[in-house]
Amino acid sequence: MPNPLKLPMIPRALRNLVSKPATRRYPFEIRPRFAGARGTIEFDVETCNYCMLCARRCPAAAITVSREERTWAIEQLTCIACGVCVDVCSKHSLSMSVNSRAVHLRSEVGPQGQRPGHEEWHKPAPAATDIPAVAGVPAPAASQGA
Amino acid sequence: MRRTTIPFGPQHPVLPEPLVLDLILEDEKVIDAIPTIGYIHRGLEMMVERVEYTEMGFVVERICGICSFMHGMGYCVSLESIMNVEVPERAGWLRLIWAEISRIQSHLLWLGLGADAFGFENLFMHCWRMREQILDIFEKTTGGRIIHSVNRIGGVKRDISDSELAAILVQLQELGEAFKTTARVFGTDPSIAHRLGGVGVLSMEDARAVDAVGPMARASGIATDTRLIGANFYDRIELEPVTETAGDCLARVVVRLREIDQSIDIVRQAIEKMPKGEGLPLENKPRGNPNGEVFTRLEQPRGEVLYYVKANGTKNLERFRARTPTFANIPAMIKLVKGCDLADVPNIILTIDPCISCTER
Amino acid sequence: MTSLIAFLIAFPIVVGTILLLITRASIRNPIVLVASAAIAAASVATVVTFGNGDGVFFGLPGGIVPGQALLAAEIAITALIVVIGLMNRRILAPIMAIAQLAIALFLEVTGRMPEADPQRLFWFDRLSMVMILVIGLIGTLICVNAIGYMHDYHRSNPMIKGRRNVFFSILFIFLAGMFGLVVSNYLPMMLVFWEITTVCSFLLIGYTRTPETIGYAFKALNMNLLGGLGFGLAIALLADQHLGLDFAKLMAGPASGTLLAAVALLAFAGITKSAQMPFSSWLIGAMYAPSPTSALLHSSTMVKAGVFLLLRLSPAMSGSTVGYLVTFVGLGTFLFVSLVAVTEQNTKKVLAYSTIGSLGLIVGCAGIGTPELAWVGVMIIIFHALAKGLLFLVVGTIENRLYTKDMENFDTLLSRLPRVSVLALAGIAGMFIAPFGIVVAKWAAIRAFLLVPGGQGAVMILIMAFGSSLTLFYWGKLLIKVLSMRSISDYERSIERRISRYEWFTEGALAVGVIAVTASIGLISDRVVGPYALSAFAAGPQTFLNIEPAMLVVMLAAVLFLPLLAVWASTRKFDAADFYTSGRSANASHVMGAALGGSKSVTLRNYYLEGVINGAMMFRVGTLACGAILIAMVTVGMVVR
Amino acid sequence: MTPAVYGVLFVFLAPVFGGLLAGVDRRVSARMQGRIGPPLLQPFYDLGKLLQKQARQVNPVVEPLLLGHVFFMAVSGVLLLSGTDLIFIAFVFALAALFLVLAAGSVNSPYSFAGAERELVVLLASEPFFILMMAAICKVTGASTYAGVLASPQLVAVQLPGVLLAFLLVATIKLRKSPFDISTSHHPHQELVSGLTTDMSGRMLAYVELAHWYESALLCAFMVLLFNWSVPLGLLAFAIAYALEVLVDNSTSRAKWQLVLRSTWAATLVFSGGNVLALFLLSR
């Protein structure tokens with residue numbers, strides 16, 4: 001049985017008392033994210049060609065793409081930030097920011113039950129000649145849920 | 001005669017995990033403990049039917065928030081051996097380094113939780129403070145603090161520059177030195193000796209009989225360590241399993257304390273032995289779809305993990321199974337909980353380092 | 001007044017004899033009711049007639065001296081014991097009874113027995129007055145309660161042969177014995193009444209006639225006859241040395257020499273009767289008898305006779321080694337039985353240990369022999385009689401409703417038997433909660449022990465500190481069980497309606513008594529107990545209650561207000577929440593999800609400090625320690641002579 | 001001022017004192033753990049928030065019993081300062097603590113019940129000491145009231161070093177500090193969840209907190225009894241003792257109930273018992 005009066009934590013506690021605390025005053029003082037930290041997915045609608053590869057490879061099924069309606073949408077709260085979509089995008093429309101995704105409140109659920117964190121882009125249809133032929137890509141409906 | 005029934009879990013604050021136990025008490029002596037699992041089943045293994053094998057690794061990583069790197073690694077190693085993909089040497093060493101840093105992180109987290117369970121808040125703070133710095137290393141090198149997503153079938157996604165590796169090693173060694181004062185508290189504090197010493201003693205014979213794994217077995221004097229089989233570059237590391245003989249809760253703490261030092265040393269050896277330079281290959285991409293089946297064993301911080309993968313030549317695997325170390329250690333835990341005090345229950349449960357979420361996937 | 005006393009002694013015997021012949025409940029019950037009322041009225045009348053005087057002495061009308069009658073009674077008692085003993089193949093009790101008779105006969109035949117002073121046969125002072133009230137009011141309430149209790153008892157225990165005529169008969173004779181005991185001034189007469197109570201308690205304990213209870217009955221008989229033998233020896237010693245047998249004269253002041261030896265022997269008798277260690281086991285065994293028996297033995301009769309005798313001896317023991325040793329027997333018993341009680345699960349046994357502990361306190365107070373401690377002793381007698389009488393009756397009622405004596409099965413009593421719970425709360429609170437009398441008395445005892453010089457004083461205070469805390473622990477456990485709540489079914493709700501009105505009335509009266517007497521503690525101290533203590537020790541005027549009685553009343557009101565608030569609250573709607581079960585399902589009937597599926601009722605068991613306190617060992621240690629002190633006490637008394 | 005005025009002042013000032021003490025405690029504890037810690041007035045904010053919350057109860061008797069707990073804690077202080085006998089205070093103090101046990105026990109749920117039982121165990125552990133301490137103080141000073149002890153020329157602590165030592169140990173129980181915080185804990189990572197407050201929320205929890213503030217103030221008043229030469233001296237002694245408690249709280253783990261009972265009894269018996277015995281033997 002060790003000596004009951006010899007508490008090894010006491011000097012440590014006393015030293016802490018006079019030294020600088022290790023914590024931050026969080027909402028007022030925020031440590032910047034490291035370079036290369038994996039945060040939210042950012043999307044450039046201009047370069048996207050709606051190939052749907054990102055949606056098909058996403059393990060969390062967070063990305064929905066509609067070729068007919070020319071929309072690209074992501075559920076930021078479903079996204080697991082693995083970065084696969086960024087890797088597979090041949091047009092480099094997708095990138096990953098270092099910022100972590102925002103906190104969402106229950107009150108942000110929209111009147112139609114839209115989920116918070118739902119982000120959607122829509123590109124107006126250009127003239128028919130602008131659409132490059134993307135042969136071999138299956139119809140949008142069939143590609144869902146890959 | 002009437003006895004007290006305590007519903008211990010699934011949502012008990014002393015447990016980091018949804019373990020379910022019915023404790024039957026007299027005074028505070030545990031007469032019987034009735035366990036059950038299945039509370040948190042998430043169906044991750046079933047997801048192989050939907051997620052293609054190339055992305056399944058990211059799902060597998062999410063089996064656990066603490067050994068996430070090792071789960072991803074185990075999956076990739078399994079697929080690599082089915083598809084006969086050779087991992088580039090630097091990638092293999094990087095995996096080993098990350099794996100050992102994971103071990104340090106896991107042990108620190110566990111030590112903190114253990115301290116919290118026996119009511120030593122200050123010690124908990126100290127362990128977790130050091131763990132934060134390890135998580136910073138992960139964030140710098142992999143981009144994520146908990147979920148890293150750097151493992152790919154055939155290698156790793158990111159490189160760590162040689163200068164940064166050297167800096168990490170220095171940082172780890174400094175942390176290791178600083179942690180010695182905290183470690184001494186675990187070893188010498190009389191109030192901790194009162195709570196852990198002689199509590200939940202698992203003899204070597206019992207440990208063998210219930211097939212304990214990892215630190216649980218090593219604290220009972222069994223020199224078992226899956227790293228000794230030498231896969232994943234461990235054959236190039238000098239490694240002596242950390243063992244203790246007392247078999248009580250305190251021994252299990254001490255094993256993990258010593259393994260932190262051991263892991264720092266393994267990281268040092270790896271950095272010395274790995275090929276240096278910029279732009280070395282990190283990934284050999286597999287071709288086609290896998291076909292065949294394989295078992296993979298790894299030594300996670302909690303003990304031996306077992307993966308079974310069966311592929312049938314399609315994009316989706318036919319079967320994926322993971323047997324986590326917690327599952328292997330639950331019989332030992334139940335054995336120890338019977339006959340102990342209620343106040344010992346959290347300590348005994350925690351010293352197997354339970355991850356029920358991994359167990360129930 | 002003489003006639004009232006004569007009535008109190010003779011009337012219960014007559015009633016008892018009549019009841020013995022009546023086997024029909026429809027005739028017996030009214031007789032019991034009327035007789036009880038008459039006895040209660042007579043005891044109150046006695047006290048009212050007594051007025052404010054100090055001690056008064058009187059004899060029988062016409063100056064009759066009961067010499068031969070006493071001997072006849074003693075022979076009758078001995079014959080009864082011998083017959084019953086031989087019928088049950090027990091030899092020890094008859095031997096002791098015959099030995100005692102032999103002493104009396106020897107004194108009588110050799111002409112050494114001093115004659116009684118015809119004008120000083122009876123002694124009535126404030127202590128007798130307290131005892132008369134305790135016996136006359138609480139004792140009769142217990143008799144009335146027994147009407148309801150015994151009815152249910154025989155219904156739920158059909159194997160036991162009903163002999164209720166005998167039961168009620170003995171109850172009344174017991175009361176007569178007690179009345180005679182507390183007013184006797186001539187020691188041989190007191191001894192006869194003493195033996196009457198011994199035999200009555202023997203018959204009551206053995207009422208069910210199972211091998212188990214017969215064993216306990218003989219244990220009680222043997223131990224009490226041993227005490228009676230001590231009593232007899234004391235008389236012989238006094239007679240032999242021509243000191244006279246006038247109790248009041250002998251106990252007027254500090255004793256020495258032969259008188260002290262006699263006091264030691266009488267104290268020995270008192271210690272056996274008040275079930276102090278090493279003689280505690282007889283009272284524990286008595287717990288197997290029907291509950292009114294326990295109530296009677298514990299609250300108003302039997303054990304109170306023992307402490308009554310010791311309080312009478314108190315002035316004589318004052319300052320002597322014998323007195324200190326008696327104190328340590330009492331306080332040692334208090335400490336050890338409290339340790340045992342902590343580990344006991346049978347509610348009636350907990351109550352029994354608590355009784356022995358409280359009596360230990362009284363014995364401890366009596367041994368020192370100061371007015372302050374005599375005050376404490378009498379106060380405890382009053383409050384203990386009320387609270388413990390109530391508790392035994394309530395436990396009896398609960399036992400007949402829930403078919404259990406196990407404390408653990410009393411949980412959620414407040415939901416299941418709400419009104420009975422309130423009565424139980426009053427009794428439990430009376431035993432250990434702050435403004436109630438026993439705690440006030442304990443506090444006064446500590447104050448008085450502070451004045452005891454030397455190391456003894458320190459030990460006494462240590463015992464008080466630890467003993468009181470142990471008391472808090474075991475009563476607290478019972479309180480938790482009684483106060484807990486859950487939703488109950490309609491069937492469970494109907495159980496309480498089947499309690500007889502006899503039980504409601506008697507238990508309600510006692511509960512009111514507990515509160516009323518606590519509220520009037522200042523009055524009781526000033527008018528009765530204080531003057532008694534001063535006159536017994538011929539001490540100068542002083543105050544005993546070192547606290548504003550008004551403040552106690554305010555505190556009492558607060559303590560009472562809270563249960564009332566709780567009862568009121570329980571009728572209101574409230575924002576109900578399920579209790580915490582670590583995320584399992586739970587409902588208001590206290591059923592929760594079980595680990596392996598399904599559900600189970602919440603079962604909870606109090607702590608019995610296993611591994612820290614070993615009850616059986618504590619009982620043995622206490623018996624040995626107190627036994628050693630007792631032997632030392634008697635030896636010192638004899639040797640100093 | 002008359003003693004009665006002190007009593008009334010206690011009712012209003014003790015919560016302020018106790019709350020501030022808790023605030024300082026949390027701040028200092030945080031610094032000892034290397035954290036910044038909450039604002040000084042956080043306990044008061046917490047109390048306010050608890051009082052605003054919806055009060056959900058398992059059964060209707062919890063609230064009256066908890067009110068009794070607060071009431072008798074306050075009454076103990078009032079009686080103490082207004083000149084009631086010290087030994088009697090020890091009994092009232094125990095009564096106040098008992099109400100908390102009953103409130104938790106009445107819930108009849110596994111965790112509250114176990115917490116209540118453990119609280120009974122620590123009551124059993126601490127109560128002998130308080131009776132003994134009060135008796136010893138009365139013996140030393142010959143006085144029986146607070147004012148009387150303060151007027152005594154004897155410095156009680158010098159005569160009762162053993163009692164002072166045991167007080168430091170037993171105060172750990174009453175202040176709910178590690179290693180003796182077995183029946184409840186300020187953060188619920190213990191085997192009993194939150195011990196006897198597990199099933200209390202909102203207003204109920206506010207009562208418990210408030211009663212604890214009274215209790216802290218009462219312990220401070222006890223310390224003044226031991227350092228009876230002047231009130232500032234007593235306050236200083238309490239501040240030092242409290243600082244020690246906080247330091248030990250942050251340097252030990254929670255003990256098991258058996259150890260709490262054994263060590264407290266042993267300390268009471270050896271230190272205070274020995275002290276009292278010496279006192280009696282020497283005062284002959």
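- Here the OG atom belonging to Ser106(D) is positioned 8.5 Å from the CG atom belonging to Leu414(C), to the nearest 0.5 angstrom.
- Contacts between Val602(C) and chain D at a heavy-atom distance below 4.5 Å involve the side chain alone, from C-beta outward.
- Summarising the geometry, atom CG belonging to Leu120(D) is positioned 13.5 Å from atom OH belonging to Tyr474(C); distances are rounded to the nearest 0.5 Å.
- The shortest distance between side-chain heavy atoms of Leu95(D) and Val559(C) falls below 4.5 Å.
- For residues 577-585 of chain C, a heavy-atom distance under 4.5 Å to chain D picks out Ala577(C), Asp578(C), Phe579(C), Tyr580(C), Ser582(C), given by residue number.
- Annotation: the span from Ile461(C) atom CD1 to Ile87(D) atom CD1 amounts to 7.0 Å, rounded to 0.5 Å.
- For chain D, the nearby part of Val452(C) is the backbone; its heavy atoms alone come within less than 4.5 Å.
- A pairwise comparison of heavy atoms in Phe280(D) and Phe449(C) identifies CE2-O, 4.0 Å as the closest pair.
- Evaluation of the salt bridge (Lys or Arg N to Asp or Glu O under 4.0 Å) rule for Glu408(C) yields Lys481(C) as partners, not counting sequence neighbours.
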Show me, pair by pair, the donor-acceptor contacts under 3.5 angstrom made by side chains of residues 588-595 of chain C, not counting sequence neighbours?
unit_1: His590(C); atom_1: ND1; unit_2: Asn108(D); atom_2: O; d: 3.1
unit_1: His590(C); atom_1: ND1; unit_2: Asn108(D); atom_2: ND2; d: 3.3

(message) Run Phe466(C) and Ile131(D) through side chain to side chain contact (heavy atoms under 4.5 Å, CB included) and show every step you take.
(response) CA-CA 9 Å; Phe466(C) 279 92; Ile131(D) 295 176; over 6 Å; no
(request) Would you check, one step at a time, whether the test side chain to side chain contact (heavy atoms under 4.5 Å, CB included) holds for Leu472(C) with Leu124(D)? (result) CA-CA 7 Å; Leu472(C) 181 78; Leu124(D) 177 59; over 6 Å; no
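- Looking at Ile480(C) and Val101(D), their side chains come closer than 4.5 Å, going by heavy atoms from C-beta outward.
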(request) Would you check, one step at a time, whether the test side chain to side chain contact (heavy atoms under 4.5 Å, CB included) holds for Ile446(C) with Phe91(D)? (result) CA-CA 12 Å; Ile446(C) 296 176; Phe91(D) 286 107; 4.1 Å; yes
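- Your options are Phe71(D), Phe129(D), Phe72(D), Phe88(D), and the one with the most heavy-atom pairs under 4.5 Å with chain C is Phe88(D).
- In this structure, the portion of Leu552(C) lying under 4.5 Å from any heavy atom of chain D is its side chain and not its backbone.
- For a heavy-atom cut-off of 4.5 Å, chain C lies close to Thr268(D), Leu269(D), Gly273(D) in residues 266-275 of chain D.
- Residue contact with chain C, scored on non-hydrogen atoms closer than 4.5 Å, involves the side chain of Leu261(D) exclusively.
- Contacts between Ile613(C) and chain D at a heavy-atom distance below 4.5 Å involve the side chain alone, from C-beta outward.
- At a 4.5 Å heavy-atom cutoff, the contact between Leu609(C) and chain D is made by backbone and side-chain atoms alike.
- Scanning all heavy atoms of the two residues, the minimum distance from Pro60(D) to Met485(C) falls at CD-SD, 4.1 Å.
- Only the side chain of Phe432(C) has a heavy atom closer than 4.5 Å to any heavy atom of chain D.
- Contact of Met555(C) with chain D is made through backbone and side chain together, with heavy-atom distances under 4.5 Å.
- Counting heavy-atom pairs closer than 4.5 Å to chain C, the top residue among Pro128(D), Gly105(D), Ala94(D) is Pro128(D).
- Top candidate by heavy-atom pairs under 4.5 Å with chain C, chosen from Leu67(D), Asp85(D), Val62(D), is Asp85(D).
- Here the closest heavy-atom approach between residue Leu450(C) and residue Ala135(D) is recorded as CD2-O, 3.5 Å.
- Between Leu98(D) and Leu479(C), the closest side-chain pair of non-hydrogen atoms falls below 4.5 Å.
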